[in-house]
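The block underneath contains the structure these notes are about, expressed in structure tokens.
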Amino acid sequence: MMRIGIVARAIAAIAALVCARSGAAAERAGPLVLAAASLQESMTAAADAWAKRGHPRPVISFAASSALARQAEAGARADLFVSADQQWMDALAAKRLIVPQSRATFLGNRLVIVAARGTTVRIPLGRAALARILAAGPLAMADTPVPAGRYGEAALRKLGVWDAVAAKVVRGDSVRAALTLVERGAAPLGIVYATDAKAAPTVRVAGVFPASSYPPITYPVTRLRASTHPDAEAFRRFLIGSEGRAIFHRFGFVDPR
């Protein structure tokens, strides 16, 4: 029930933002950006930097990439979509909801295991020890429709510990929801992005997954066909340009691999 409530609030928030774009409000607001939850601090900083240039500040809705893509599929009149993986971008492309030539992959990330700050657990890479520590549970992860959840499960399967760990996994409807479970003590360990760990002062990185254990984590951005805001393309170009990418790098994002 808690998960359903979170999803419902996310959908309601997006709907409210879309409604706010109508009439006179549309003239004052910047483009509406649907952005993956892991971009919360960095995209906010990018929007602030864009506004300091004299542009209307972009309006940003943060949620799991899966939830945002479904909103775009349902007809949300947003301008830009930034996903935490290629799969949800491909889903919109298949339905001809994006402007194909505007699609660009501009960021990368890494997968880590976090624990509450003040704890001392360290996550080993050896299969037996890794399985023993993670299977003690609970282990917080995002749902598998969410990119972070799929990356995390892929890593655990690649390392040969998924079968030992699966029963102890507790799910959140976004990577930030999984992070919150660790912050609140509901789970001693959680699988999140390195940037999420960097953004949360109450957790620390207890282990880093080998990059070879999961598919490359990449963030594509596109302009949506529903876009009508005159600043949408310019803001997209700002995000993928050197100044925009430098902002994201400050928050721990890396170049895509």
Side-chain angles (χ1 to χ4, degrees), residues 1-14 16 34-45 60-68 70-71 83-85 109-124 129-156 159 161-162 164-209 214 217 219 251-253:
M1 294 299 292
M2 177 183 70
R3 187 177 301 165
I4 293 173
I6 293 172
V7 173
R9 287 195 297 273
I11 292 173
I14 295 171
L34 306 182
S38 51
L39 295 166
Q40 187 168 331
E41 295 80 13
S42 54
M43 186 64 75
T44 297
I60 309 171
S61 176
F62 296 105
S65 301
S66 51
L68 297 173
R70 287 164 181 157
Q71 282 299 296
S83 175
D85 74 348
N109 214 331
R110 293 155 292 188
L111 202 63
V112 302
I113 299 175
V114 293
R117 189 166 296 280
T119 59
T120 59
V121 63
R122 294 288 176 185
I123 308 301
L130 177 62
R132 184 179 67 253
I133 292 175
L134 296 185
L139 175 65
M141 293 177 61
D143 276 332
T144 48
V146 179
R150 290 201 308 274
Y151 293 130
E153 184 172 330
L156 294 176
L159 296 172
V161 300
W162 174 251
V165 171
K168 296 300 179 69
V169 169
V170 291
R171 300 284 190 177
D173 68 351
S174 72
V175 68
R176 288 302 175 92
L179 178 67
T180 298
L181 290 172
V182 178
E183 290 182 301
R184 294 180 177 176
L189 299 170
I191 298 178
V192 300
Y193 298 128
T195 52
D196 298 307
K198 184 179 176 69
T202 58
V203 305
R204 63 176 181 84
V205 174
V208 178
F209 284 102
Y214 54 90
I217 300 172
Y219 289 71
F251 288 87
F253 290 89

Sequence neighbours excluded, which residues qualify as side-chain hydrogen bond (donor to acceptor under 3.5 Å, both in side chains) partners of Arg132?
none
Taking atom OG of Ser66 and atom CG of Asp173, what is their separation to the nearest 0.5 Å?
8.0 Å
Going through the distances and angles, do Ile123 and Leu189 end up as a side chain to side chain contact (heavy atoms under 4.5 Å, CB included)?
CA-CA 10 Å; Ile123 308 301; Leu189 299 170; 4.0 Å; yes
Closest heavy-atom contact between Ala37 and Arg176?
O-CG, 3.8 Å
Using every non-hydrogen atom in the two residues, find where Ala164 and Ala131 come nearest and quote the distance to one decimal.
CB-CB, 4.1 Å
Would you check if Phe253 and Thr195 make a side-chain contact, meaning some heavy-atom pair closer than 4.5 Å?
yes
For a 4.5 angstrom cut-off between non-hydrogen side-chain atoms, does Asn109 reach Tyr151?
no
From Phe209 atom CZ to Leu130 atom CG, the distance as rounded to the nearest 0.5 Å
6.5 Å
Check: Trp162 and Val169 side chains under 4.5 Å, non-hydrogen atoms
yes
Is there side-chain contact between Ser38 and Tyr219, with heavy atoms separated by less than 4.5 Å?
yes
What residues, two or more places apart in sequence or in another chain, satisfy salt bridge (charged side-chain N to carboxylate O under 4.0 Å, His left out) together with Glu183?
none
Student check: side-chain heavy atoms of Leu156 and Leu139 closer than 4.5 Å:
yes
If every non-hydrogen atom of Ala129 is compared with every non-hydrogen atom of Pro124, which pair is closest and at what distance?
CB-CG, 3.4 Å
Which atom of Val192 lies closest to which atom of Ala197, heavy atoms considered
CG2-N, 4.3 Å
Please report the closest heavy-atom contact between Ala178 and Ala140, naming both atoms and the distance.
O-CB, 3.5 Å
For Lys168 and Ala135, indicate whether the former's side chain and the latter's backbone hold a donor-acceptor pair under 3.5 Å.
yes
Do the side chain of Arg117 and the main chain of Ala200 share a donor and acceptor less than 3.5 angstrom apart?
no
Please test Thr144 against Arg171 for side chain to side chain donor-acceptor pair (under 3.5 Å), starting from the C-alpha separation and ending with a verdict.
CA-CA 9 Å; Thr144 48; Arg171 300 284 190 177; 5.1 Å; no
Are side-chain heavy atoms of Arg204 and Val112 found at a separation under 4.5 Å?
no
Is there a side-chain contact between Tyr193 and Pro147 in this structure, where contact means two heavy atoms from C-beta onward sitting under 4.5 Å apart?
yes
Quickly, which of Val182, Ile113, Asp196 forms a side-chain contact (heavy atoms from CB on, under 4.5 Å) with Ile191? Name it, please.
Ile113
Minimum heavy-atom separation for Ala36 and Leu68, please, with both atom names.
N-CD1, 3.8 Å
Please identify each residue that fulfils side-chain hydrogen bond (donor to acceptor under 3.5 Å, both in side chains) with Gln40, with sequence neighbours left out.
none
